[in-house]
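Have a look at the structure below, then the notes.
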Amino acid sequence: MAVFPTAAIAASLMLNSIGVNTHFDSLKHGYENLPVAEAAIKYLGVRNLRDSAQSSMDLTLWPKVAAATGAHFADYMGRNSPAQDLIDLGYVPTLARKGVLNYVEGGDENDTTPATSLGNSIAWTAAFQQQVYSVGHSLGLPVINMSFGAGWTAANDWHGNYDKVGDLSAYADYANAHTYPGVGQLPGASIKTLNADARLAAKSRKV
C-alpha cells in the first residue's frame, strides 16, 4: 500500500476549516430546541455555522448560540425574493455589532425555483452582490460571492450558471462553491469540478 506523507497542522486550524449549515429560525428542523442544537455544535467542536438571518428572531437567537458554543456565523442572503434579500441584508449590521458574524455571503442559489418563482434572477443577484460587498466591508467582514444551484448540463461543460454573471471578484473576497457530488462522480472529482466552476464567477478569488 502506498504511503503519502502529509504535513501535520494544528488542531485549531483544522477546526477553523470546517463548519455546518444550520436553520435556527425555521422552527421545523429541530433547531428550535436550542439546548440540543447547542450541545451538538459543542460536541462536534465546529466554530463556523452557516445560516441565513431572515427574521428578527435571529437577532436574539444567534447571539445565544454563539455565547453557548463559541461558534460564529456566515450569514447568507436567503433563497427568496429580491425584497427578502434586502431585508436579510438589513439584519447584517445588527448581527455584526453583536459580534456573531465571521462572513457575509451573497444570494443563495437564486437561480432555483424557490427564488425565481418569487421574481429573483441571476442578474438581480449579481447586481445585489455589490450591495452585500459594500455592507460587509463597511463592517470589517469578509464577503463570500453569490452561489448557484442550477444549469449544469453537458452542453455547458457542467459549469452550471456560474459562467452567467461575469467576474464578480471586485465584489467578493471568496468564490463560492456549493459542492454536491455529481452522479457517478467520486467526491474528490466533484470538489475539483465545483471549485473550478466557482472561480468562473470570481476568477481572482480563493474558493
Side-chain angles (χ1 to χ4, degrees), residues 11-81 84-115 118 120 125 128-129 132 135-136 139-150 172-181 187 190-191 194-195 198 207:
S12 61
L13 291 177
M14 176 60 188
L15 287 171
N16 283 336
S17 75
I18 59 176
V20 295
N21 280 281
T22 56
H23 300 283
F24 279 106
D25 61 10
S26 73
L27 303 181
K28 62 181 181 181
H29 292 107
Y31 294 100
E32 65 273 16
N33 190 333
L34 279 186
V36 171
E38 290 165 353
I41 292 165
K42 288 194 287 187
Y43 174 77
L44 289 170
V46 295
R47 300 170 181 173
N48 299 293
L49 306 175
R50 179 179 179 269
D51 207 329
S52 180
Q54 298 187 34
S55 164
S56 60
M57 75 171 65
D58 291 311
L59 303 181
T60 302
L61 282 174
W62 288 19
K64 284 182 179 178
V65 173
T69 66
H72 290 74
F73 289 84
D75 184 8
Y76 69 89
M77 305 302 106
R79 194 178 313 165
N80 215 302
S81 67
Q84 184 62 48
D85 276 343
L86 290 167
I87 291 170
D88 294 355
L89 186 59
Y91 293 129
V92 170
T94 300
L95 290 167
R97 286 193 295 271
K98 290 176 180 286
V100 301
L101 298 184
N102 281 335
Y103 303 92
V104 182
E105 181 181 334
D108 178 66
E109 299 187 359
N110 280 338
D111 57 343
T112 57
T113 302
L118 296 172
N120 220 315
T125 306
F128 178 57
Q129 181 67 28
V132 176
V135 170
L139 299 166
L141 292 167
V143 175
I144 301 169
N145 201 17
M146 64 185 287
S147 64
F148 303 82
D173 299 298
Y174 294 96
N176 190 347
H178 281 200
T179 310
Y180 297 93
S190 292
I191 291 169
L194 270 296
N195 282 0
V207 180

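Remark: the backbone N or O of G78 is not paired with any side-chain donor or acceptor of D108 at under 3.5 angstrom. Although no hydrogens or angles enter the test, the distance criterion places a donor-acceptor pair under 3.5 Å between the side chain of S147 and the main chain of E109. Under a 3.5 Å cut-off, the side chain of E32 and the backbone N or O of G30 do form a donor-acceptor pair. Without hydrogens or angle criteria, H23 side chain to Y31 main chain gives no donor-acceptor distance under 3.5 Å. Checked by atom type and distance alone, the side chain of D51 pairs as donor or acceptor with a backbone atom of F24 at under 3.5 Å. Not one N or O on the side chain of N102 forms a donor-acceptor pair closer than 3.5 Å with the backbone of A74. Side-chain atoms of N176 do not come within 3.5 Å of backbone N or O of I144 as any donor-acceptor pair. No donor-acceptor pair under 3.5 Å is formed between the side chain of N145 and the backbone N or O of A175.
When all heavy atoms of N48 and N16 are compared, the closest pair comes out as ND2-O, 3.0 Å. Here the shortest heavy-atom pairing between D75 and L95 reads OD2-CD1, 3.7 Å. Taking every heavy atom of both residues into account, N110 and N120 meet most closely at ND2-ND2, 3.2 Å. For the residue pair V207 and A177, the shortest heavy atom distance occurs at CG1-CB, 3.7 Å. Across every non-hydrogen atom of E105 and H178, the tightest pair is OE2-NE2, 3.8 Å. When all heavy atoms of K42 and A68 are compared, the pair lying nearest together is CD-O, 3.2 Å.
Within the model, atoms NZ of K64 and CG of L61 stand 6.5 Å from one another, a figure rounded to the nearest 0.5 Å. From Q54, atom CD reaches atom CG of D88 across 4.5 Å, with rounding to the nearest 0.5 Å. Put simply, CZ on R79 and OG1 on T113 are 10.0 Å apart, with the number rounded to the nearest 0.5 Å. Atom OG1 of T69 and atom CD1 of I41 lie 5.0 Å apart (nearest 0.5 Å). We find the NZ-CG distance between K98 and D58 to be 11.5 Å, quoted to the nearest 0.5 Å. Rounding to the nearest 0.5 Å gives a distance of 4.5 Å between CZ of R47 and CG of L15.
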Practice prompt. I would like to know whether V135 and V104 meet side-chain contact (heavy atoms from CB on, under 4.5 Å); could you show each step before the answer?
Written response: CA-CA 9 Å; V135 170; V104 182; over 6 Å; no

Fill in: side chain to side chain donor-acceptor pair (under 3.5 Å) between T125 and D85, intermediate numbers included
CA-CA 9 Å; T125 306; D85 276 343; 4.8 Å; no

Worksheet item: Given the rule in the side-chain contact (heavy atoms from CB on, under 4.5 Å) test, do L44 and I18 qualify, once you have shown the distances and angles that lead to the verdict?
Response: CA-CA 10 Å; L44 289 170; I18 59 176; over 6 Å; no

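Aromatic ring orientation, F73 versus W62: parallel (interplanar angle below 30°, classes split at 30° and 60°).
M146 has its side chain out of reach of D111: every pair of non-hydrogen atoms, C-beta onward, lies at least 4.5 Å apart. Considering only heavy atoms from C-beta on, Y91 comes within 4.5 Å of S56 through its side chain.
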